[in-house]
Participant: 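Let me begin by handing over the structure; questions about it come next.
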Amino acid sequence: MDPASNLYFQNLKGRGMRTMEKRIAILPGDGIGQEVANNAVKVLKTIGRQFGHTFHCSYAPVGGEAVDKKGSPLPEETLKLCQESDAVLFGAVGGPKWDGASAEQRPEKGLLQLRKSLDLFSNLRPVKVFPGLSAHSALKQETVRDVDFVIVRELTGGLYFGKPSGRQMSGDEEEVVDTLHYKRKEIERIVEKAFKLAEQRNKKVTSVDKANVLESSRLWREVAEETAKRYPGVQLEHMLVDRAAMELIANPRQFDVIVTENMFGDILSDEASMLTGSLGLLPSASLSENGPGLYEPVHGSAPEIAGENKANPLAAILSVAMMLRHSFRMREEAEAVEKAVTEVLEAGYRTADITGLGQRSIGTKQMTDQVLFALEEDTTTAGIMAAYA
């Protein structure tokens with residue numbers, strides 16, 4: 001360790017900073033998941049070294065890689081590792097190689113099983129347009145400038161998990177059924193999560209439903225009203241999902257925290273991702289009440305560029321920041337990562353997905369190196385200043 005970094009570390013200890021030891025399951029998965037996860041781990045390890053924490057990282061297969069190696073998209077040993085860890089860092093799963101697989105062998109099934117097994121009921125997806133990148137959005141710059149909101153999606157109920165679900169023959173005609181099922185408690189806990197988050201932000205919750213048609217949405221709206229009474233400082237508004245889809249395009253700056261059920265959240269969060277100009281910038285967190293959280297970039301496995309050093313690692317790196325904040329309560333460490341990413345983007349560094357006309361792009365490893373450089377420079381300088389204050 002160089003003298004400046006050593007001075008910074010000693011200063012942290014002198015200020016009574018708590019050092020921690022955490023176990024993290026790393027599930028790189030398929031395609032570019034391998035690259036972005038491995039580069040995000042470099043950032044995590046750097047944070048550990050700078051702040052005096054120890055992160056024990058253990059790797060396991062998931063998705064298509066696990067199907068090929070173990071015959072299952074979520075092997076028992078992978079699930080066991082996740083259950084015994086303090087957090088999970090996930091890459092991406094899927095690809096055309098497994099398009100013909102049965103429903104139980106599809107790579108995406110591993111992620112769904114993991115969410116259910118760990119009771120990851122709350123999905124947080126921040127949508128933020130970074131300075132200088134508004135031109136890359138599909139919308140006009142003035143529409144997306146300063147956009148900064150979070151979608152809180154219920155993740156373990158609704159149509160994706162309700163029973164009965166399937167297809168059958170009724171006489172000589174085929175029929176299908178999917179069931180939208182929620183218990184009141186499942187709605188209460190996700191709405192509560194949204195209000196707690198809004199308290200820390202701009203104190204506004206937009207509850208999205210289809211209460212003019214669905215009984216489940218009418219219960220959802222009742223629960224939101226009941227919860228709002230316990231948070232008098234937070235504004236609650238209700239919005240039908242079709243209007244919410246339009247407002248995300250027409251006036252996205254109006255939102256602070258959006259909370260909604262599983263399928264609506266799936267659709268709206270993918271729509272909202274286009275505001276930023278690239279999926280490569282968007283992290284996510286999936287949280288339980290007591291167990292380990294799962295952190296992943298929202299982009300897919302992009303097999304067409306896998307192994308070519310072209311993927312944007314920033315979504316995975318920002319997922320590490322979410323892990324530090326939500327699972328480990330390391331606010332200062334999370335802010336250090338986020339600040340480093342912002343500085344790199346403001347300095348003009350770009351991967352291919354966010355490169356504009358006349359700009360030059362760098363690769364996955366090079367972008368990560370720039371974040372590491374900014375992180376080293378920022379934290380060391382901050383430590384030196386504090387030591388001599």
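Only a predicted model underlies this, so the values are computations on that prediction, with no experimental measurement involved. The basis for the numbers below is simple: all heavy atoms, side chains too, and nothing from hydrogens, waters or symmetry mates.
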Participant: Any ion pair linking Glu192 and Arg189 (charged N to carboxylate O, less than 4.0 Å)?
Facilitator: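 Judged by the 4.0 Å cut-off on N to carboxylate O distance, Arg189 and Glu192 do not form a salt bridge.
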Participant: If only side-chain N and O atoms count, and only distance matters, is there a donor-acceptor pair under 3.5 Å linking Gln50 with Glu333?
Facilitator: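 No donor-acceptor contact under 3.5 Å links the two side chains.
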Participant: Taking Asp256 for its side chain and Phe149 for its backbone only, find out whether a donor-acceptor pair lies under 3.5 Å.
Facilitator: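 Absent.
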Participant: Quick one: does Asp86's side chain have a donor or acceptor within less than 3.5 Å of a partner on Lys22's backbone?
Facilitator: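 Answer holds: no.
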Participant: Suppose we screen for ring pair (Phe, Tyr, Trp, His ring centres under 6.0 Å). Which residues come up paired with Phe161, at least two apart in sequence or across chains?
Facilitator: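 Counting only residues at least two positions away or on another chain, Phe161 forms no ring pair (Phe, Tyr, Trp, His ring centres under 6.0 Å).
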Participant: Got Val208 and Leu240 here, is their nearest side-chain heavy-atom distance under 4.5 Å?
Facilitator: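 No, their side chains stay 4.5 Å or more apart.
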Participant: Is there a path from Val337 to Leu281 through hydrophobic residues (I, L, V, M, F, W, Y) whose side chains come within less than 4.5 Å of each other?
Facilitator: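 In one cluster: yes.
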Participant: Ala334 and Ala321: which non-hydrogen atoms are nearest, and at how many Å?
Facilitator: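 Of all heavy-atom pairs spanning Ala334 and Ala321, the closest is CB-O, 3.3 Å.
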Participant: When you look at Glu199 and Lys203, which way does the salt bridge (Lys or Arg N to Asp or Glu O under 4.0 Å) test go after all the steps?
Facilitator: CA-CA 5 Å; Glu199 271 195 321; Lys203 297 178 171 52; over 6 Å; no
Participant: Verify, without hydrogens or angle tests, whether Arg253 (side chain) and Val147 (backbone) share a donor-acceptor contact under 3.5 angstrom.
Facilitator: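 Not at all, since once roles are kept as given, no pair shorter than 3.5 Å links the two residues.
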Participant: Looking at CG of Asn262 and OG1 of Thr260, how far apart are the two atoms once the value is rounded to the nearest 0.5 Å?
Facilitator: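 OG1 of Thr260 is found 9.5 Å from CG of Asn262.
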Participant: Using distance only, find each side-chain donor-acceptor pair of residues 303-318 under 3.5 Å and give its atom names and separation, not counting sequence neighbours.
Facilitator:
unit_1: Glu308; atom_1: OE1; unit_2: Lys310; atom_2: NZ; d: 3.2
unit_1: Asn309; atom_1: OD1; unit_2: Thr364; atom_2: N; d: 3.0
unit_1: Asn309; atom_1: OD1; unit_2: Lys365; atom_2: N; d: 2.9
unit_1: Asn309; atom_1: ND2; unit_2: Gln366; atom_2: OE1; d: 2.9
unit_1: Asn312; atom_1: OD1; unit_2: Leu314; atom_2: N; d: 2.9
unit_1: Asn312; atom_1: ND2; unit_2: Thr351; atom_2: OG1; d: 3.2
unit_1: Asn312; atom_1: ND2; unit_2: Asp353; atom_2: OD2; d: 3.1

Participant: Can a salt bridge be assigned to the pair Glu188 and Lys193 using a cut-off of 4.0 Å between side-chain N and carboxylate O?
Facilitator: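 No, no charged N to carboxylate O under 4.0 Å.
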Participant: Do Val150 and Leu197 have side chains that get closer than 4.5 Å, going by heavy atoms?
Facilitator: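 Answer yes - side chains close enough.
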Participant: Would you say the side-chain atoms of Tyr349 and Ser361 include a donor-acceptor pair closer than 3.5 Å?
Facilitator: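 Result is no, nothing qualifies.
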Participant: Just by distance, no angles: are the side chains of Ser288 and Asp119 close enough, under 3.5 Å, to form a donor-acceptor pair?
Facilitator: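 Side-chain D/A pair, Ser288 to Asp119: absent.
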Participant: Can you name the side-chain hydrogen bond (donor to acceptor under 3.5 Å, both in side chains) partners of Glu343, sequence neighbours left out?
Facilitator: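 Glu343: side-chain hydrogen bond (donor to acceptor under 3.5 Å, both in side chains) contacts with Lys339.
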Participant: Should Gln168 and Ser170 be marked as a side-chain hydrogen bond (donor to acceptor under 3.5 Å, both in side chains) after you check the CA-CA gap, both sets of side-chain angles, and the distance that decides it?
Facilitator: CA-CA 6 Å; Gln168 63 184 23; Ser170 178; 6.0 Å; no
Participant: Do the ring planes of Phe55 and His53 sit parallel (below 30°), tilted (30 to 60°) or perpendicular (above 60°)?
Facilitator: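 Tilted: the ring planes of Phe55 and His53 meet at 30° to 60°.
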Participant: Looking at Glu338 and Arg325, is there a salt bridge between them, counting it only when a charged N and a carboxylate O are closer than 4.0 Å?
Facilitator: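 A salt bridge links Arg325 with Glu338.
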Participant: Indicate yes or no: at least one non-hydrogen side-chain atom of Val152 is less than 4.5 angstrom from one of Arg125.
Facilitator: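 The answer is no, as the side chains (C-beta and beyond) never meet within the 4.5 Å cut-off.
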Participant: Taking only Lys NZ, Arg NE, NH1 and NH2, and the carboxylate oxygens of Asp or Glu, determine whether Glu296 and Arg115 approach each other closer than 4.0 Å.
Facilitator: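 Yes, this pair counts.
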Participant: Any luck finding a side-chain donor-acceptor pair between Thr156 and Glu154 under 3.5 Å?
Facilitator: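 Yes, a side-chain donor-acceptor pair sits under 3.5 Å.
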Participant: Treating Glu186 as the side-chain partner and Lys183 as the backbone partner, does any N or O pair qualify as donor plus acceptor under 3.5 Å?
Facilitator: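 At least one qualifying donor-acceptor pair exists.
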Participant: Just so I know, are the side chains of Val320 and Tyr295 near enough to count as touching, which here means a heavy-atom distance under 4.5 Å?
Facilitator: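 When only atoms from C-beta onward are counted, Tyr295 and Val320 do not touch, as no gap falls below 4.5 Å.
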Participant: Does either side chain, that of Gln141 or that of Ser134, offer a donor lying less than 3.5 Å from an acceptor on the other one?
Facilitator: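 A donor-acceptor contact under 3.5 Å links the two side chains.
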Participant: Side-chain contact, heavy-atom cut-off 4.5 Å: Leu268 with Leu248?
Facilitator: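 They are in side-chain contact.
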Participant: For atom CD of Glu142, decide whether the heavy atoms of other residues, nucleotides or ligands shown that lie under 6.0 angstrom number more than 12.
Facilitator: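 Check passes, neighbour count above 12.
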Participant: Under 3.5 Å, is there a donor-acceptor pair between the side chain of Ser217 and the main chain of Asp209?
Facilitator: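 No, Ser217 side chain to Asp209 backbone: no donor-acceptor pair under 3.5 Å.
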Participant: Would you call Lys109 and Glu104 a salt bridge, taking side-chain N to carboxylate O under 4.0 Å as the test?
Facilitator: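 Yes.
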Participant: In this structure, are over 12 heavy atoms from other groups packed under 6.0 Å from Lys70 atom NZ?
Facilitator: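 Counting other residues, nucleotides and ligands, NZ of Lys70 stays at 12 neighbours or fewer.
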Participant: Say whether, by atom type as modelled, one donor and one acceptor occur between the side chain of His299 and the main chain of Leu279 under 3.5 angstrom.
Facilitator: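 Checked: no pair found.
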Participant: Give a yes or no on whether Met322 and Met20 share a hydrophobic cluster (residues Ile, Leu, Val, Met, Phe, Trp, Tyr; joining criterion: side-chain heavy atoms under 4.5 Å apart).
Facilitator: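 Yes; Met20 is reachable from Met322 via cluster members.
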Participant: Ignoring hydrogens and geometry beyond distance, is a side-chain donor-acceptor pair present between Tyr160 and Asp178 at under 3.5 Å?
Facilitator: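 Checked: Tyr160/Asp178 side chains show no N/O donor-acceptor pair below 3.5 Å.
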Participant: Hey, is the main chain of Asn39 close enough, under 3.5 Å, to the side chain of Thr368 for a donor-acceptor pair?
Facilitator: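 A pair under 3.5 Å: no.
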Participant: Charged N to carboxylate O under 4.0 angstrom, Glu247 versus Arg243?
Facilitator: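 Counted as a salt bridge, because a side-chain N and a carboxylate O are separated by less than 4.0 Å.
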Participant: Does any part of the side chain of Leu236, heavy atoms only, come nearer than 4.5 Å to the side chain of Glu225, both counted from C-beta?
Facilitator: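 Yes, side chains in contact.
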Participant: So do the side chains of Glu65 and Asp68 get within less than 4.5 Å of each other, counting heavy atoms only?
Facilitator: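 No, too far: nothing below the 4.5 Å cut-off.
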Participant: State yes or no: do Met263 and Ile187 share one hydrophobic cluster built from I, L, V, M, F, W and Y residues joined by side-chain heavy-atom distances below 4.5 Å, directly or via other members?
Facilitator: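 Yes, it is one cluster - the side chains of Met263 and Ile187 are joined through contacts under 4.5 Å.
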Participant: Can a donor-acceptor pair be found, under 3.5 Å and without considering hydrogens, that links the side chain of Ser137 to the backbone of Leu275?
Facilitator: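 Side chain of Ser137 to backbone of Leu275: a pair is present.
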Participant: With a 4.5 Å cut-off on side-chain heavy atoms, are Thr78 and Leu27 touching?
Facilitator: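 Sidechains of Thr78 and Leu27: in contact.
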Participant: Taking atom NZ of Lys128 as the centre, does the number of heavy atoms from other residues, nucleotides or ligands within less than 6.0 Å exceed 12?
Facilitator: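 It does not: Lys128 NZ has 12 such atoms or fewer within range.
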